[in-house]
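Working notes, beginning with the structure itself.
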Amino acid sequence: MNRSHNNGQLRSENIGNKVSLVGWVAKKRNLGSLVFVDLRDRYGITQLVFGEELNDLASSLRNEYVIAVEGEVIERESKNKNLPTGDIEIKVAKLDIINTAETTPIIIADETDALEDTRMKYRYLDLRRPTMQQNLIVRHNIVKSIRNYLDGLDFVDVETPCLIKSTPEGARDFLVPSRVHQGEFFALPQSPQMYKQLLMIAGLERYYQIARCFRDEDLRADRQLEFTQVDVETSFLSQDQIIELAEGMLKKLMKDIKNIDVKIPFKRLSYQEAMSRYGSDKPDTRFGLELVDVNNVMSKLEFTVFQDVLANNGAIKGINIEGQAGNYSRKGIDGLTDFVKKHHAKGLAWVKVINGCLEGSIAKFFTEETTNELVDVMSAKDGDLLVFVSDLEEEIVCDSLGNLRNHLAKELNLIEPNTFDFLWVVDFPLFEYDKELDRYFAKHHPFTRPIDAHLDTFDTNPKEAIAAAYDVVLNGFELGGGSLRIYEGDLQKRMFKALGMSNEQIRNQFGFFVDAFKYGTPPHGGFALGLDRVAMLLLDKPSLRDVIAFPKAASSSDPMSEAPGAVDTAQLDELGIKLK
RNA sequence: GGUCUGGUGGUGUAGGGGUUAACAUGCCGCUCUGUCACAGCGGAGAUCGCGAGUUCAAAUCUCGUCCAGACCGCCA
């Protein structure tokens with residue numbers, strides 16, 4: 001198809017040009033013998049005007065017809081300053097209708113009133129909306145910026161396989177049956193973790209990949225079954241050097257995409273500090289509402305609930321919701337209580353500070369002295385609302401208040417738009433204890449290196465062991481993370497043992513990996529960045545679905561293709577699979 | 001697996017025991033030479049997600065079921 005220009009291109013300096021354009025009919029305005037058509041393509045909208053001689057044909061146009069026109073660029077009698085091409089229009093001399101279109105189920109415009117459901121079913125029409133195309137283009141530019149950055153630093157893009165061995169640590173694997181080896185399965189990678197480490201053993205030194213990863217877990221607005229990671233691994237670099245590398249990448253990205261200069265180095269918080277101040281290992285640091293430890297003052301109250309909790313090594317923390325005493329009625333506070341209960345808190349105690357005195361659910365337990373102490377420790381003043389959660393498990397206190405923080409920030413509009421607050425969370429625990437299974441699991445993954453100080457003791461004192469692991473957090477979302485890896489074979493074996501694996505299990509699952517470590521493994525480490533989340537945050541979208549071309553719905557299926565679907569028995573027979 | 005919310009013309013909503021099922025937009029037709037959310041007039045389009053039940057009567061109440069979304073569990 002010959003086109004001389006695209007639909008976002010023509011300006012008043014083109015007046016008099018003979019042009020040919022193609023695109024979709026976005027809108028027709030029929031004034032009788034005069035017909036206007038907005039012609040849309042990827043690049044924008046150009047107004048076409050049809051005179052009497054083409055009136056019949058132009059009148060037959062419907063929305064979303066694909067057409068080609070030839071004509072002359074003329075100055076508009078009345079200009080539209082909302083449109084880049086609004087000074088001109090095309091006086092059409094020739095109109096070809098290339099294809100017709102039925103009425104679309106959703107309106108093809110930036111603003112659609114269609115619900116998620118309908119948009120997903122007709123995703124190809126949803127993606128025809130300029131705003132969705134813009135999202136995909138920005139995503140492309142993000143990838144381009146990252147590739148440019150890494151290419152400039154000598155990184156090599158290597159593809160790793162999608163059909164791999166299942167290693168059932170962490171999330172559930174997607175399994176793919178093998179036809180040739182009946183009864184055996186490949187797994188889709190949750191990340192290219194072992195392969196990128198093998199590439200370091202191979203001596204590539206600097207690897208990256210825009211890698212598709214798969215996890216068979218339930219979806220959320222910020223979680224998909226398949227997602228894309230910027231996967232990076234390096235040899236011979238320290239933790240600080242890797243963090244600098246990632247910071248440089250993100251700094252360039254923010255400049256390239258948002259034209260924002262972010263300051264490096266980013267803030268750093270230890271895991272401990274993040275949890276105690278924000279109740280989260282991915283805190284949103286764009287606003288205050290920090291958690292305050294109030295064990296001391298609360299222990300002085302004649303309040304049995306708190307006394308019981310403290311007597312049994314529990315925790316009490318509070319948040320000062322500044323200036324909001326007047327804005328939260330009993331009912332409003334009930335709403336907050338329901339919210340923390342969803343996160344397993346048993347309740348929400350509260351007091352309002354009014355004229356230096358306390359009012360509210362636990363006010364009667366305070367003396368003048370303890371009131372002053374509380375006001376002091378919470379940095380409270382008149383008009384503040386103080387809320388508290390107590391529990392035997394500190395984790396529940398932190399988690400519920402951490403979530404309440406985010407909830408309050410939204411409810412009270414505390415977040416300044418277009419702010420990007422990057423932060424590293426470091427010094428993660430190496431292990432996580434599972435109460436039900438009564439054993440330790442790797443918090444990150446089993447290849448994560450303990451910090452040097454804990455190399456001797458991580459397996460004898462797993463509770464205290466700290467990992468050389470780091471997460472980068474943006475606005476309350478975990479963008480990515482990484483670690484230094486274990487590069488000594490015997491250390492890796494000790495790690496597997498600490499995770500409760502027998503020699504046989506190690507052999508079966510990680511034999512090839514352990515073997516590789518024997519032949520000169522360099523110190524290495526890296527990180528991975530969730531590309532979809534980066535795109536979501538930079539585009540300020542509430543869901544990953546807005547930045548993935550063909551995402552899955554929350555029900556783990558695709559409303560458009562209706563995948564997953566049943567397969568016929570011949571296919572199953574070939575695979576040796578019988579359904580129950 | 002669990003909790004909550006929702007499902008009504010193509011799309012988005014209102015209605016919550018008796019209605020001609022309302023509104024907006026979209027769609028179709030007619031009129032119109034300066035529109036750009038064109039305007040004016042006319043019109044078509046809904047077995048109210050599905051299945052049972054209660055009732056003289058169900059979009060409306062009850063139960064079940066399916067679908068969608070948010071959240072919890074799960075998940076880096």
Side-chain angles (χ1 to χ4, degrees), chain A residues 26-39 45-52 55 59 62-64 74-83 85-86 89 91 101-122 125-126 169-173 190-191 193 213-225 227 229 281-282 338-345 399-400 403 407 425 428 432 434 436 441-445 448 469-473 477-483 527-530 533 542-543 545 553-557 559 562:
Chain A
K27 193 83 196 172
K28 181 182 69 172
R29 291 178 291 277
N30 191 341
L31 279 67
S33 52
L34 189 65
V35 178
F36 295 101
V37 165
D38 288 343
L39 186 66
I45 283 183
T46 301
Q47 177 165 281
L48 311 176
V49 60
F50 296 85
E52 306 238 20
N55 192 268
S59 296
R62 297 287 177 268
N63 280 351
E64 302 310 316
I74 59 173
E75 185 171 12
R76 286 203 198 187
E77 274 180 36
S78 50
K79 302 187 170 38
N80 182 347
K81 46 186 189 318
N82 297 323
L83 220 53
T85 61
E89 63 192 358
K91 173 77 176 155
E102 290 183 17
T103 303
T104 52
I106 66 173
I107 299 165
I108 314 292
D110 277 350
E111 295 299 320
T112 180
D113 55 3
L115 261 41
E116 192 86 26
D117 201 11
T118 319
R119 289 175 51 200
M120 291 274 283
K121 182 160 179 198
Y122 301 96
L125 296 179
D126 197 30
E169 183 90 12
R172 271 186 213 104
D173 279 333
Q190 296 180 28
S191 87
Q193 184 61 35
C213 305
F214 304 85
R215 292 190 181 137
D216 187 9
E217 297 292 347
D218 285 359
L219 287 78
R220 287 285 191 282
D222 66 343
R223 264 161 42 189
Q224 281 273 317
L225 298 181
F227 56 98
Q229 283 196 342
D281 61 359
K282 46 178 174 18
D338 288 343
F339 183 87
V340 293
K341 279 184 174 167
K342 211 165 62 178
H343 295 277
H344 311 294
D399 182 57
S400 59
N403 280 295
H407 176 74
V425 176
F428 274 82
E432 203 168 16
D434 185 305
E436 277 169 33
F441 281 86
K443 187 160 179 73
H444 200 61
H445 53 58
T448 302
Y470 34 86
D471 276 0
V472 61
V473 175
F477 285 87
E478 183 201 327
L479 277 195
S483 63
F527 64 91
L529 209 66
R533 279 188 192 164
S543 166
R545 281 170 239 144
S555 55
S556 301
S557 59
E562 296 185 318

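Just so it is clear, the structure is predicted and the values come from calculations on it, not from any experiment. Residue numbers begin at 1 in each chain, while the letters A, B, ... track the order of the sequences.
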Using the P atom on both, measure B:rC23 against B:rC41 and round to a whole Å.
-> 15 Å
For the residue pair A:A221 and A:P542, what are the closest heavy atoms and their distance?
-> CB-O, 4.0 Å
Does A:R62 have a side-chain nitrogen or oxygen under 4.0 Å from the phosphate oxygens OP1 or OP2 of B:rG29?
-> yes
Would you write the dot-bracket representation of RNA chain B, where each base gets (, ), [, ], | or . depending on whether it forms a Watson-Crick or G-U pair under 3.5 Å and with which partner?
-> ((((((((.[[[[.)..(...]]]].(((((.......))))).....[[[[[..)....]]]]])))))))....
Quick one: A:K282 NZ to B:rA76 P, roughly how many Å, whole number?
-> 12 Å
Would you mind classifying the nucleic acid contact of A:H445 as base, sugar-phosphate or nothing, using non-hydrogen atoms under 4.0 angstrom?
-> nothing
Find the distance A:F428:CZ to B:rA76:P and express it as a whole number of Å.
-> 13 Å
With a 4.0 Å cut-off on heavy atoms, is A:D222 in touch with a base, just the backbone sugar-phosphate, or nothing at all?
-> nothing
Scanning both residues in full, the closest heavy-atom pair of A:D218 with A:R223 reads O-NH2, 2.8 Å
Heavy-atom pair of closest approach, residues A:R215 and A:S191 | NH2-CB, 4.4 Å
Nearest heavy-atom contact between A:N55 and A:G32 is ND2-O, 2.7 Å
Using atom P of each nucleotide, how far apart are B:rG51 and B:rA58 to the nearest Å?
-> 14 Å
Could you state the CZ-P distance from A:F227 to B:rC75, rounded to the nearest angstrom?
-> 13 Å
If you look at every strand shown and take non-hydrogen atoms under 4.0 Å, does A:R119 touch a base, only sugar-phosphate, or nothing?
-> nothing
Would you classify A:L115 as touching base, sugar-phosphate or nothing, given that sugar-phosphate means primed atoms plus P, OP1 and OP2, and contacts are heavy atoms under 4.0 Å?
-> sugar-phosphate
Between B:rA44 and B:rG29, how far apart are the C1' atoms? Round to whole Å, please.
-> 10 Å
Is the count of non-hydrogen atoms from other residues, nucleotides or ligands lying under 6.0 Å from A:Y122 atom OH greater than 12?
-> no
A:R223 side chain, from C-beta outward: closest of B:rG29, B:rC71, B:rC75 = B:rC75
Nearest to the side chain of A:A554 - B:rA70, B:rG10, B:rU33?
-> B:rA70
Any idea which of B:rU11, B:rG26, B:rA70 is nearest the A:A221 side chain?
-> B:rA70
Is A:R533 near enough to B:rA76 that one of its side-chain N or O atoms lies under 4.0 angstrom from OP1 or OP2?
-> no
Separation of A:F441 atom CZ from B:rA76 atom P, in whole Å?
-> 11 Å
A:T85 and A:I45: which non-hydrogen atoms are nearest, and at how many Å?
-> OG1-O, 2.5 Å
Any chance NZ of A:K282 has more than 12 other-residue heavy atoms, nucleotides or ligands included, within less than 6.0 Å?
-> no
Round to the nearest Å and state the distance from A:E478 atom CD to B:rC75 atom C1'.
-> 10 Å
Short question: side chain of A:R533, backbone of A:E478 - any donor-acceptor pair under 3.5 Å?
-> yes
Side-chain N or O of A:H344 less than 4.0 angstrom from OP1 or OP2 on B:rG73?
-> yes
Could you check how far NZ of A:K342 sits from C1' of B:rC74, rounded to whole Å?
-> 17 Å
Here the distance between atom C1' of B:rC66 and atom CD of A:E562, to the nearest Å, is 14 Å
Check for a donor-acceptor pair, side chain of A:E217 on one end and backbone N or O of A:R172 on the other, with a separation under 3.5 Å.
-> yes
Check A:K28, A:R29, A:K27 against A:D38 for a salt bridge (Lys or Arg N to Asp or Glu O under 4.0 Å) and give me the one that passes.
-> A:R29
5' precedence on RNA chain B between A:D471 and A:S555 (nearest-nucleotide basis) | A:S555
Phosphate OP1/OP2 of B:rG26: any A:T104 side-chain N/O under 4.0 Å = no
Which residue, A:A553 or A:N403, contacts RNA chain B at a nucleotide closer to its 5' end, judged by nearest heavy atom?
-> A:A553
Closest non-hydrogen atom pair between A:S556 and A:L219, with its separation = OG-CD1, 3.0 Å
Please measure how far the C1' atom in B:rG6 lies from the corresponding atom in B:rA14, and state the result in whole Å.
-> 15 Å
Which whole number of Å gives the distance between the C1' atom of B:rA46 and that of B:rA22?
-> 12 Å
Is it true that a side-chain atom of A:Y470 and a backbone atom of A:V425 form a donor plus acceptor pair closer than 3.5 Å?
-> no
Go along nucleotides 1-8 of chain B 5' to 3' and tag each nucleotide: B for a protein heavy atom under 4.0 Å from its base, S when only backbone or sugar atoms are that close, - otherwise.
-> B-------
Start with the C-alpha distance between A:Q224 and A:R545, add both sets of side-chain angles, then the distance that settles side-chain contact (heavy atoms from CB on, under 4.5 Å), and finish with yes or no.
-> CA-CA 9 Å; A:Q224 281 273 317; A:R545 281 170 239 144; 3.8 Å; yes
Nucleotides 34-45 of chain B: protein proximity per nucleotide (B base, S sugar-phosphate only, - neither; heavy atom, under 4.0 Å) = BBB-B-------
Here the distance between atom C1' of B:rC28 and atom CD of A:E102, to the nearest Å, is 15 Å
Counting any heavy atom closer than 4.0 Å, what does A:S33 reach on the DNA or RNA strands: base, sugar-phosphate only, or nothing?
-> base
Main-chain N/O of A:G86 paired with A:R76 side-chain donor or acceptor, under 3.5 Å | yes
